[in-house]
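The structure presented is a predicted model; accordingly, all values stated were derived computationally and were not measured. Numbering of ligands and ligand atoms starts at 1, following listing order.
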Amino acid sequence: MSQHPLFATRASRMKASEIRELLKLLDQPGIISFAGGIPDPALFPAEAFSQAFQQALGPDMQAQALQYSVSEGYAPLRRWLVQHMREFGVECDMDNVLITSGSQQALDYLGKLFLSPGDTALVGWPTYLGALAAFNAYEPRFDRLNGNKGADEFRAAAEDGAVKFAYLSPDFANPTGETLTRPGREALLNLTDELDCALIEDGAYQALRYDGDPIPPILALEQARKGSIENCRTIYCGSFSKTLSPGLRMGWVVAAKPIISQMVLLKQAADLHSATINQMAVHQVAEACFDTHIPKVRDTYRARRDAMLDALQQHMPDGVAWTRPEGGMFVWVTLPSGISGSDLLAQALDTVKVAFVPGQAFFPDGSGANTIRLSFSNSDEATIREGIRRLGQVLRA
Ligand code: PMP
C-alpha cells in the first residue's frame with residue numbers, strides 16, 4: 001500500500017504482521033494449525049474469572065471497578081507481583097512495578113523511552129516479531145545480539161546513534177523455543193555493563209517450564225551482583241497472557257524506580273491506566289489459583305511438546321533440524337538450505353491443510369528463508385502427530 005503523504009516517516013516502516021494476516025485465513029475447517037502461538041482456551045480459568053468479575057461488579061467493588069484508577073496499576077495486584085517476583089529471586093517493592101496492557105504495551109513504551117531515530121537496538125536473530133514491530137516505529141537500526149560481536153564492535157557499528165538496549169526473551173523464546181544458559185545471562189550482563197545500555201528481559205513464557213532446572217531471571221542475577229534493584233539496568237517485562245488469559249491484556253514491568261516513573265508518564269499519555277476491572281479480576285484469580293492452575297497448564301503443554309518432538313523425529317527427512325525447548329510454545333525448524341519456509345507453507349496449506357509461520361519475518365534483515373516456527377500449544381497430541389506426519393509427507397515430496 002502506498003503511504004499517505006501526511007503520514008510521518010515512521011509509518012513507512014510499519015508492516016502488517018504476516019502472522020495476523022495468516023491467522024485470518026485459518027478459520028477454515030480441516031486445517032491443522034501450528035501457526036498461532038496462542039494459549040489453548042480450554043486452559044483458561046474461566047470459572048474463577050466469572051466469579052472474580054461478578055465480585056468486582058458486586059455492590060462493594062463496582063464503584064471502584066468501573067472507575068478511572070492510577071496509572072501505576074491496582075495496588076493489590078502490584079503487591080501480588082512483588083511476591084511473585086520474589087519466588088523467582090527478584091527483590092523489589094510496589095514502586096518498582098507498573099501494570100501494562102499486555103507486555104506488548106511495555107515493549108512499545110520502552111521503544112518510545114529509549115530509541116531516537118538511528119539509535120541501535122540489539123536483538124536476537126531471530127526475534128519476537130511483536131518486539132521488532134514495537135521498536136521499529138521509533139526508527140532504530142537493529143544489530144545482532146547473538147552473533148559474536150563484543151562491545152567495541154557494537155559501538156563501532158552504531159556509528160551516529162548510540163546502543164540503547166539489548167532485548168531478549170531468555171526463557172523458551174518466541175520463535176526459537178531456546179533458553180539462554182546461566183553463563184550466557186552473565187555474559188550478557190557483562191556486555192550491557194560494558195556498553196552501559198539497558199537490558200530488556202521479556203519473561204512472557206517464563207512460568208511455562210516443562211523440564212530441566214529453572215534459571216534465575218537476568219534481573220535476579222544482576223541484583224545478586226549489584227545489591228539493590230535500583231542499581232540494575234535490566235527491565236523485566238512479564239505477562240499473564242500465557243498463564244491466565246491473553247484477552248484481558250494484563251502485563252507488568254519490574255525495574256528501577258526512575259525507569260518505572262518515566263514509564264508511568266508514558267502510560268498517562270497513552271491510555272491513562274490499564275482496565276481497572278481487569279486488574280481486579282486478574283488479582284483475584286492470581287491470588288485464588290495461580291499456583292494450582294499453572295501445573296495444569298504445564299502438564300498439558302508438556303505432553304504436546306513431547307508429541308511434537310516425537311513426531312518430528314519420526315517423520316522429518318534427513319537434513320531437517322529442530323530445537324528441543326524445555327518450555328514455552330514453540331519448536332523452531334531449520335530446513336535444508338534452498339527450501340523456503342514460505343513456499344513450504346503455500347504447499348502445505350494447499351495439499352495437506354497444515355499451517356505454520358515461515359521464519360523469515362522474525363529476522364530484522366530478512367534472512368532465515370529456510371526456517372519455520374511450529375507452535376504446539378493449541379492442538380491435542382493426536383492432531384499434532386497427524387499434522388507433523390503430513391508436513392513430513394510434503395517435505396519428502
Ligand atoms: N513477548 C513475547 C515473547 C511474546 O511471544 C508475546 C505474545 N505472543 C508478547 C511478548 C506479548 O504478549 P502480551 O502483550 O499478550 O503480554
Side-chain angles (χ1 to χ4, degrees), residues 17-20 22-23 33-41 43-44 73 77 81 84 97-112 121 123-137 145-146 165-180 199-209 217-219 234-254 263 267 270-271 274-275 278-279 282 286 297 301 323 325-332 356-357 359 361-364 373-378:
S17 148
E18 259 184 55
I19 300 183
R20 293 215 159 273
L22 187 78
L23 283 173
S33 175
F34 302 130
I38 55 176
D40 183 341
L43 293 168
F44 296 153
L77 181 59
L81 284 165
H84 180 65
V97 183
L98 167 71
I99 305 296
T100 55
S101 300
S103 57
Q104 188 65 33
Q105 185 176 57
L107 298 178
D108 175 49
Y109 289 172
L110 290 167
K112 204 174 201 172
V123 298
W125 230 253
T127 265
Y128 167 51
L129 199 55
L132 292 179
F135 303 150
N136 200 35
L145 184 59
N146 52 350
F165 60 69
Y167 162 83
L168 85 165
S169 188
D171 297 284
F172 334 119
N174 179 2
T176 65
E178 287 172 333
T179 296
L180 188 65
L199 200 173
I200 301 174
E201 175 173 29
D202 183 335
Y205 299 91
Q206 201 199 337
L208 300 183
R209 175 175 278 281
I218 298 173
L219 179 54
T234 304
I235 301 164
Y236 180 96
C237 304
S239 174
F240 286 109
S241 291
K242 319 297 175 183
T243 51
L244 296 182
S245 155
L248 295 172
R249 311 302 306 124
M250 282 289 113
W252 70 93
V253 180
V254 178
M263 290 184 81
K267 191 149 181 69
D271 64 352
S274 296
N278 291 1
Q279 298 187 66
V282 164
V297 177
Y301 291 157
T323 56
E326 292 187 323
M329 296 183 168
F330 306 105
V331 174
W332 179 250
F356 51 82
V357 180
F362 299 97
F363 292 83
R373 189 193 75 178
L374 302 175
S375 165
F376 52 80
S377 57
N378 208 10

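With sequence neighbours excluded, the residues forming a side-chain contact (heavy atoms from CB on, under 4.5 Å) with T234 are L189, L199, E201, I218, L219, E222, listed by chain and number. Residues satisfying the ring-ring contact (aromatic ring centres under 6.0 Å, His included) test with F135, not counting sequence neighbours, are F165, Y167. Every ring-ring contact (aromatic ring centres under 6.0 Å, His included) that Y205 has, sequence neighbours left out, goes to F330.
Sorted by chain and number, the residues within 4.0 Å of ligand 1 by heavy atom are G102, S103, Q104, Y128, N174, D202, A204, Y205, S239, S241, K242, R249.
Between K267 and D271 there is a salt bridge, with a side-chain nitrogen of the basic residue lying less than 4.0 Å from a carboxylate oxygen of the acidic one.
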Inset, instruction - Please test Y236 against Q206 for side chain to side chain donor-acceptor pair (under 3.5 Å), starting from the C-alpha separation and ending with a verdict. - result: CA-CA 11 Å; Y236 180 96; Q206 201 199 337; 2.3 Å; yes
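Relative orientation of the F362 and W332 rings is perpendicular, given thresholds of 30° and 60° on the angle between their planes.
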